[in-house]
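Only heavy atoms go into these numbers, but all of them, side chains included; no hydrogens, no water, no symmetry mates.
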Amino acid sequence: MEYLPAHIPLKLRKALSGRRLFIEAAASVRERFLEQDSSAYEDLQRDILSRAYKDAELSPNHIPLDIFLDNFCCELEYRAEPDLRKPYGSLIEAIVQGMKRRAGEICCNTCSPFRPKICNGGDEDQHIVDSGGLCIESFRKMFKLSLDVTAKYYNDLGHVPNTCHPEVVLHTRFTERIPNDIPGGFFVNGITSFGITNTGRLRSEICLELCVRRFDWNTYLVLPYVMFHECISHAFYGISFGRRREITKPDDVFAEGWMDFVACEIMTEVLKGVSTLGIQQTLVFPSDHLLTGVRYHSNRSNINNALDINESQYAIHRAIGKDAADKVCYLIERLSESPQQAWRKFLNLSFNLNVGRFEIQELEVFVRNIRP
C-alpha cells in the first residue's frame, strides 16, 4: 500500500493560507508601520488574522481555496479603502497589494495532478496537497532547505553516504491546543516518527503541527528552526544500525539537548551565509527567521529565569544536553589547529553518535557523564 503523508484539511488550509498571505505581505513594511503607528498595525493584524479564520470556517468545501483567497483579498481591499487616506495608508496599500499578488500565485487547477479535480474536502485532497500543495509552498521551501542542509552535512562531515540516507517526508496537521510548553508564544510543534518504504528503505516522517487559529508572525518565523531541528536531530537518528528506531521523548538529553545545539548552530551559519560547506540559504526573511529561531532555542532550555519567563517542564533536560555538547565542542577546539577544524570534528562526532548503533539509554548516560 502506498504511503501518503496526511495534511491539514481544506477549511483550515484556507484559514492558514489567508493568515500566511498577510504575514508575508506585511513583512516588508512591518517595522515602518510599527514605528509610525503600532496600535494601528496591531489592530489591522488582529482583524485580518481573525477574519481569515472566521471566513474560512464559513467557506463550503466546494469553493476552491484559490477562489476563497481572491474573494478574501478583494473584500479586504474594499474594507481598507477608508484607511488609505490616513498617514499610514500607503503601508496598508502595500500589504493589500502584496496579499493579492501572493493569492494570484495559487491556482488550484495548476496545483492538482488530477485536474480538473481539485481539493474539495474529500479523500484525494491529501494526494493533491502532497503532490502539489501550492497553499503550503512556503512551508515546503523551508523544509527543503532544512533537509538539503541536513543531507549535505551528514554526507560531507558525518561521512554518511547518500545511499544510506532515509527518505524524509513532510506532513502537516492541526491542533486546537497550544502544541508545546515553550515560553514566548510559538504555536507550532515538530514530531518525527519512523517507517519503512515498500523497497525497504528507512523513512522519517516529519509532522508540522500547527495551531491554525493562533498562527501568527512569531510562529511563521520559527518554522525553519523547527524543521532544522527535526531533520538534524531526529530524521537521521539510528539509520546505520538497521534496527527499529524509537521515537525520542521530550526529555531526551541527547536528541533534545545535544543535537538541538548542533541543529541551531548549523541553522545559524547557513542563514548568516557562512556555512561550513558553502551552502546558500534560500529563505526570504533569513535574519528574522534566525533571530526568532535562536530565541526559541534559548527559551527551550532556559532554567535560570534570567529572561523572566516561565520555563518548559523539559528545560533542564535540554540544558544538560546543550551544556554537554558545548563542553565537548570547546575541548575539541582546544586540541585542534583551528576553530574550523574543531567544528568539523565536533560535527563528525555528533553525526556518528546520532546515526550509530547506540540505544537511547546509552546516549543518555554518555551525555549525563559529561555534564552531571
Looking only at heavy atoms, what is the nearest atom pair of Cys329 and Trp343, with distance?
SG-CE3, 4.0 Å
In terms of hydrophobic clusters joined by side-chain contacts under 4.5 Å, are Tyr225 and Ile178 together?
no
To the nearest 0.5 Å, atom OH of Tyr41 lies from atom CG of Leu34 at 6.0 Å
Taking only Lys NZ, Arg NE, NH1 and NH2, and the carboxylate oxygens of Asp or Glu, determine whether Asp148 and Lys152 approach each other closer than 4.0 Å.
no
Which heavy atom in Pro82 sits nearest to a heavy atom in Arg79, and how many Å separate them?
CD-O, 3.4 Å
Side-chain ion pair, Lys144 and Glu137, N-O less than 4.0 Å:
no
In this structure, CZ of Phe22 is separated from SG of Cys73 (nearest 0.5 Å) by 12.0 Å
Would you say Asn189 and Arg177 are linked by a side-chain donor-acceptor pair, where the criterion is simply a distance under 3.5 Å?
no
All salt bridge (Lys or Arg N to Asp or Glu O under 4.0 Å) counterparts of Arg214, not counting sequence neighbours
none
Phe114 reachable from Ile67 in the ILVMFWY side-chain graph, under 4.5 Å edges:
no
Decide yes or no for Asp37 and Pro87: does some side-chain heavy atom of the first lie under 4.5 Å from some side-chain heavy atom of the second?
no
Would a distance-only check, ignoring hydrogens and angles, find a side-chain to backbone donor-acceptor pair under 3.5 Å from Glu359 to Gln361?
no
Treating Asp70 as the side-chain partner and Gly104 as the backbone partner, does any N or O pair qualify as donor plus acceptor under 3.5 Å?
no
Exceeds 12 heavy-atom contacts within 6.0 angstrom, atom CD of Glu337:
no
Flag yes if Val367 and Ile303 sit in one hydrophobic cluster, no otherwise; membership is Ile, Leu, Val, Met, Phe, Trp, Tyr, and two members link when side-chain heavy atoms are under 4.5 Å apart.
yes
Under a 3.5 Å distance rule, please check whether Glu362 uses its side chain to pair with a backbone N or O of Phe358 as donor and acceptor.
no
Rounded to the nearest 0.5 Å, the OH atom of Tyr330 sits from the CZ atom of Phe346 at a distance of 15.0 Å
Scan for side-chain hydrogen bond (donor to acceptor under 3.5 Å, both in side chains) pairs involving residues 100-112, sequence neighbours excluded, and state none if there are none.
Glu77-Lys100
If we ignore hydrogens and angles and just use 3.5 Å, is the side chain of Asn61 paired with the main-chain N or O of Leu10 as donor and acceptor?
no
Counting only heavy atoms from other residues, nucleotides and ligands, does the tally under 6.0 Å from CZ of Phe139 exceed 12?
yes
Report the C-alpha distance between Asp156 and Phe351 in whole Å, list the side-chain angles of each, state the deciding distance to 0.1 Å, and finish with yes or no for side chain to side chain contact (heavy atoms under 4.5 Å, CB included).
CA-CA 11 Å; Asp156 290 11; Phe351 294 151; over 6 Å; no
With a 4.5 Å cut-off on side-chain heavy atoms, are Leu76 and Arg51 touching?
no
Determine whether Ser17 and Leu65 satisfy the following criterion, side chain to side chain contact (heavy atoms under 4.5 Å, CB included), listing intermediate values before the conclusion.
CA-CA 9 Å; Ser17 297; Leu65 185 144; 4.0 Å; yes
Going by atom types alone, do Asn354 and Tyr154 pair a side-chain donor with an acceptor below 3.5 Å?
yes
Any side-chain heavy-atom pair from Arg368 and His317 closer than 4.5 angstrom?
yes
Does any part of the side chain of Val96, heavy atoms only, come nearer than 4.5 Å to the side chain of Met99, both counted from C-beta?
no
Closer than 3.5 angstrom, by distance alone: can the side chain of His171 be matched with the main-chain N or O of Asp130 as a donor-acceptor pair?
no
Test log, rule side chain to side chain donor-acceptor pair (under 3.5 Å), inputs Ser312 and Arg318:
CA-CA 10 Å; Ser312 165; Arg318 296 168 183 146; 2.9 Å; yes
For Leu44 and Ile95, what are the C-alpha separation, side-chain angles and deciding distance, and is it a side chain to side chain contact (heavy atoms under 4.5 Å, CB included)?
CA-CA 10 Å; Leu44 178 69; Ile95 292 173; 4.0 Å; yes
Step through it carefully: locate the ring centre of Tyr88, locate the ring centre of Phe33, and say whether they are under 6.0 Å apart.
yes
Might you point out which heavy atoms bring Asn348 and Asn352 nearest each other, and give the distance in Å?
O-ND2, 2.7 Å
Between OG on residue Ser146 and CE on residue Met267, distance to nearest 0.5 Å
9.5 Å
State, with a plain yes or no, whether a side-chain heavy atom of Thr282 is found less than 4.5 Å away from one of Lys141.
no
Do any N or O atoms from the side chain of His289 and from the backbone of Leu221 form a donor-acceptor pair under 3.5 angstrom?
yes
Is a side-chain donor-acceptor pair under 3.5 Å present for Tyr237 with Ser204?
no
Do Phe261 and His297 make the cut of ring centroids closer than 6.0 angstrom?
no
How long is the straight-line distance from OG1 of Thr175 back to CZ of Phe187, given to the nearest 0.5 Å?
11.5 Å
Geometric class of the Tyr220/Phe215 ring pair [parallel <30°, tilted 30-60°, perpendicular >60°]:
perpendicular
Main-chain N/O of Asp288 paired to Thr292 side chain as donor or acceptor, under 3.5 Å
yes
Tell me whether Asp47 contacts the main-chain N or O of Asp43 through its side chain, where contact means a donor paired with an acceptor under 3.5 Å.
no
Shortest non-hydrogen contact from Ile247 to Ser193?
CD1-CB, 3.8 Å
Could you tell me whether the side chain of Cys231 reaches within less than 4.5 Å of the side chain of Ile206, counting heavy atoms only?
yes
Give a yes or no on whether Val284 and Met227 share a hydrophobic cluster (residues Ile, Leu, Val, Met, Phe, Trp, Tyr; joining criterion: side-chain heavy atoms under 4.5 Å apart).
yes
Side chains of Tyr153 and Val262, heavy atoms from C-beta outward: is any pair under 4.5 Å?
no
With rounding to the nearest 0.5 angstrom, report the CD to OG distance, Gln45 to Ser50.
11.5 Å
Apply side chain to side chain contact (heavy atoms under 4.5 Å, CB included) to His229 and Val226, showing your working.
CA-CA 5 Å; His229 171 89; Val226 172; 5.8 Å; no
Would you find a donor on one side and an acceptor on the other, under 3.5 Å apart, between the side chain of Ser131 and the backbone of His127?
yes
If you group Ile, Leu, Val, Met, Phe, Trp and Tyr whenever their side-chain heavy atoms sit less than 4.5 Å apart, what else falls in with Val365?
none
Flag the pair Asp260 and Arg300 as a salt bridge only when some basic side-chain nitrogen lies within less than 4.0 angstrom of an acidic carboxylate oxygen.
yes
Of Leu202, Thr197, Ile196, which is the lone residue that meets side chain to side chain contact (heavy atoms under 4.5 Å, CB included) with Glu167?
Thr197
hydrophobic_cluster_shared for Phe236 and Leu353, side chain cutoff 4.5 Å
yes
Check against salt bridge (Lys or Arg N to Asp or Glu O under 4.0 Å), Lys322 and Asp326
CA-CA 6 Å; Lys322 178 180 176 181; Asp326 192 38; over 6 Å; no
Contact between Glu75 and Asp55 at the side-chain level, heavy atoms closer than 4.5 Å - yes or no?
yes
What is the minimum heavy-atom distance between Glu269 and Thr276, and which atoms define it?
OE2-OG1, 2.8 Å
So which heavy atom on Lys14 is nearest to which on Pro60, and how close?
NZ-O, 3.0 Å
Side-chain (Asp66) to main-chain (Cys108) donor-acceptor, under 3.5 angstrom:
yes
